[in-house]
**Q** 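One structure, pasted below without further comment.
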Amino acid sequence: MPLLRAIKCNIISPRIPFHLYNRNYCHSGAGEPFVPFDVLVNQRRNEARRSLLVEVAGLPSSTDLHQVCSQYGAVRKMFHYTTRHSNVNKEMILVEFDEAESLEKALQATRSPPTERIIPVHSPFVWLSASRTASSNRKKTNISSTTDIIQETVPSNEELQLQLSQSRDLSEQIQKSYECQKLTELGSRLRFFTCRQVEVALSGLFPQACVLPFGSSVNSFGRINCDLDMILELFDVTNQDTTQRLVFQAKKSRSAANPRITMQRHMEVISDILDNFVPGCSQVRKILAARVPIIKYRQDLTDMECDLSMANRSGFYMSEMLYLYGSMDKRVRPLVFAIRKWAKDRHVTSPYAGRWVTNFSLTLLVLFYLMRTSPPVIPPLQMLIKLAGDDDVRTAESINCTFLRDLKILTASDNKQSLEDLLRGFYEFYDKFDFKERGLSVVRGDDFVKPEHNALYIQNPLERELNVSRNVTLEELERLRSEITHARYRLEEDTEHIEEQQGQQPWGLLSLWGASHKPQAHRGLNASIDWQEVFHIQEQETPPTPDKQLNVSPVHA
Ligand code: CTP
Ligand code: MG
């Protein structure tokens with residue numbers, strides 16, 4: 001149970017303070033109670049349906065806001081955060097009502113501002129005005145004005161480094177680093193809420209529109225501030241009641257014979273709606289020629305980068321598969337986090353699509369390794385496929401996505417290695433792996449002779465004839481290998497000098513995360529990247545837009 005700590009009057013923090021962190025964590029077994037993915041997603045979507053995001057003048061307005069909201073129904077929770085946009089801080093409060101009807105009442109009562117420049121879009125994003133009339137009306141209603149405002153305290157980089165340097169051993173560092181960097185309660189709520197905003201905005205035209213998050217926002221490997229990947233479905237693909245006699249009329253599409261062109265046209269319209277009408281959406285860009293066409297935008301009010309795609313439910317099931325692997329053993333998530341962070345800091349991965357390994361491929365590399373330890377920490381996917389029951393059958397875009405969803409029937413692994421052993425083992429395993437000749441399959445939990453001459457071959461777990469790392473060039477693979485070798489030796493050096501190093505110089509994760517030992521010219525502005533080539537070789541990634549290329553430099557400088 002997270003510890004709730006009062007920071008100021010009426011403010012509580014759900015993060016576990018470092019000094020209270022339980023050092024006696026267990027290294028194997030299920031860890032946190034298992035929540036099925038469907039249950040988790042439905043619970044979060046329900047919260048989002050009952051939530052309102054309000055821009056306020058400052059934290060003191062929360063009492064006023066609580067009074068206003070309580071006119072429409074009971075308020076369950078309020079979260080405060082600050083977001084920075086165009087050099088101005090915005091104070092935001094996410095309000096969760098007990099009932100969805102209360103939110104509807106609040107939205108119906110929302111008034112238009114006295115300016116024609118602001119369009120009253122149907123959206124759960126509003127702001128609280130300082131109207132006197134409203135406040136005197138509220139006084140008459142005599143509603144309680146107290147509530148707890150939840151504020152999440154996320155440790156700064158310096159705090160994290162201090163805590164890691166004071167850890168007892170590498171295992172504790174890995175665990176602490178995971179606890180501090182994983183997506184928070186508010187982060188998760190805001191991601192589902194951002195999906196809900198698109199649903200609501202489109203609901204007039206598409207009453208069944210459903211927007212689901214996928215990728216690191218829900219696969220349990222997401223960091224604070226991770227991007228939001230979303231799928232938009234215009235009708236409910238999971239619930240088609242064929243007994244109903246009344247059926248929607250369709251407008252004949254000029255491109256009906258080509259579903260991809262139809263989808264691209266729909267996405268053009270949707271991106272225009274986001275760009276012109278939906279509050280907080282900025283920098284809207286269409287990347288419709290990609291294998292999976294996407295609309296990219298920034299949601300300024302929830303402070304996140306968003307990628308919206310359509311007809312990509314297999315991506316959602318892929319996230320469910322990763323979530324299940326993360327739930328199987330409590331060591332999986334901390335280990336994946338440590339390796340993803342290492343790869344980010346050593347510039348092995350990048351926030352931009354390119355010729356390098358993606359976080360998704362890297363996660364599959366970690367899972368594959370955990371299937372190859374002795375005894376294995378996690379089973380191969382084919383075992384989950386064999387154990388699947390009737391309730392687990394899923395198909396998306398003609399891809400079979402059936403695998404066991406309820407992990408309760410699995411027993412815990414016999415592997416008792418510590419996180420430290422597993423991290424070292426990861427680098428040793430891939431330092432020796434024959435990437436030149438062999439491909440990896442998390443379906444079989446085994447390697448195989450590569451069917452194609454791609455530098456790195458990681459079988460797509462759902463579309464098994466595809467390689468998820470087809471984009472990775474030989475040069476990038478060599479860099480990955482050299483970083484792996486480097487990490488392996490750093491950790492070995494640490495073991496030899498651990499006592500001298502603790503408290504004196506960076507050790508463990510801190511020595512792994514240091515700046516890359518090779519200059520990364522190709523990530524900078526002068527990069528000689530053939531984006532057209534990248535676009536064609538990528539299996540599922542999308543090419544960067546010109547302004548995105550301009551953004552590459554500062555991140556890697
Ligand atoms: N995906 C997929 N097939 C691929 C690539 C991606 O199904 N070939 C799905 C996976 O579910 C993946 C999601 O798309 O998790 C999002 O991909 P990406 O954004 O690259 O990975 P994330 O896990 O979201 O990592 P990041 O934090 O870097 O965004
Ligand atoms: Mg992502």
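First listed ligand is number 1; within each ligand, the first listed atom is number 1. Predicted model, so just to flag it, every value in this text is computed and none were measured. The basis for the numbers below is simple: all heavy atoms, side chains too, and nothing from hydrogens, waters or symmetry mates.
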**Q** Could you tell me whether N359 and ligand 1 have an N or O pair separated by under 3.5 Å?
**A**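 N359 vs ligand 1: N/O contact under 3.5 Å present.
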**Q** Is the shortest distance from a Lys or Arg side-chain nitrogen in R265 or E268 to a carboxylate oxygen in the other one below 4.0 Å?
**A** no
**Q** I want to know whether F37 and F316 have ring centres closer than 6.0 Å.
**A** yes
**Q** For atom 4 (C) of ligand 1, which of the options Y323, F360, F221, F316 provides the nearest non-hydrogen atom?
**A**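 Among Y323, F360, F221, F316, the closest heavy atom to atom 4 (C) of ligand 1 comes from F360.
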**Q** Any heavy atom of R340 closer to ligand 1 than 4.0 angstrom?
**A** yes
**Q** With heavy-atom distances below 4.0 Å as the criterion, list the atoms of ligand 1 near M318.
**A** 2 (C), 3 (N), 7 (O), 10 (C), 11 (O)
**Q** With atoms numbered from 1 as shown, which atoms in ligand 1 lie under 4.0 angstrom from a non-hydrogen atom of S216?
**A** 22 (P), 23 (O), 24 (O), 25 (O), 26 (P), 27 (O), 29 (O)
**Q** Without swapping roles, check the side chain of Q173 against the backbone of L164 for a donor-acceptor pair under 3.5 Å.
**A**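 Yes.
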**Q** Does the N or O separation between D227 and ligand 1 drop below 3.5 Å for any pair?
**A** no
**Q** Taking the ring centre of each residue, are W342 and Y427 less than 6.0 Å apart?
**A** yes
**Q** Polar contacts were defined as any N/O atom of the residue lying under 3.5 Å from an N/O atom of the ligand; does this apply to S319 and ligand 1?
**A**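 Yes, S319 has an N/O under 3.5 Å of an N/O on ligand 1.
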**Q** Please identify which atoms of ligand 1 are closer than 4.0 Å to at least one heavy atom of G215.
**A**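 That gives atoms 13 (C), 15 (O), 16 (C), 24 (O) of ligand 1.
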**Q** Could you check which of G315, S469, S350 puts a non-hydrogen atom nearest to atom 11 (O) of ligand 1?
**A** G315
**Q** Distance under 4.0 Å to a non-hydrogen atom of F214: what atoms of ligand 1 satisfy this?
**A**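 Taking each heavy atom of F214 in turn, ligand 1 has 13 (C), 14 (O) under 4.0 Å.
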**Q** If we only consider heavy atoms of T358, is any one of them less than 4.0 Å away from an atom in ligand 1?
**A**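 The answer is no: ligand 1 sits nowhere under 4.0 Å from a heavy atom of T358.
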**Q** Tell me whether R189 is salt-bridged to E185, with the criterion being a basic N under 4.0 Å from an acidic carboxylate O.
**A**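 Yes.
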**Q** Just by modelled atom types, is the F214 backbone N or O under 3.5 Å from a matching donor or acceptor in the S319 side chain?
**A**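 Looks like no, no N/O pair under 3.5 Å.
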**Q** Using the rule given for side-chain hydrogen bond (donor to acceptor under 3.5 Å, both in side chains), can you reason through S220 versus R333, listing the C-alpha separation, both sets of side-chain angles and the distance that settles it, and then say yes or no?
**A** CA-CA 7 Å; S220 76; R333 289 171 185 155; 2.8 Å; yes
**Q** Donor-acceptor pair, distance only, cut-off 3.5 Å: does the side chain of E199 make one with the backbone of V211?
**A**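 Here the side-chain-to-backbone pair exists.
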**Q** Please list, in chain and residue-number order, the protein N/O/S atoms closer than 2.8 Å to the Mg ion (ligand 2).
**A** D229 OD2
**Q** Is there side-chain contact between F34 and L324, with heavy atoms separated by less than 4.5 Å?
**A**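 When only atoms from C-beta onward are counted, L324 and F34 do touch, with a gap below 4.5 Å.
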**Q** Where the side chain of D434 meets the backbone of E437, is there a donor-acceptor pair that is under 3.5 Å apart?
**A** yes
**Q** Just jot down the ligand 1 atoms closer than 4.0 angstrom to any heavy atom of N219, in number order.
**A** 15 (O), 23 (O)
**Q** Just by distance, no angles: are the side chains of N467 and S469 close enough, under 3.5 Å, to form a donor-acceptor pair?
**A**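 Side-chain D/A pair, N467 to S469: present.
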**Q** Kindly say whether the aromatic ring centers of Y457 and F448 come within a distance under 6.0 Å.
**A**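 Yes.
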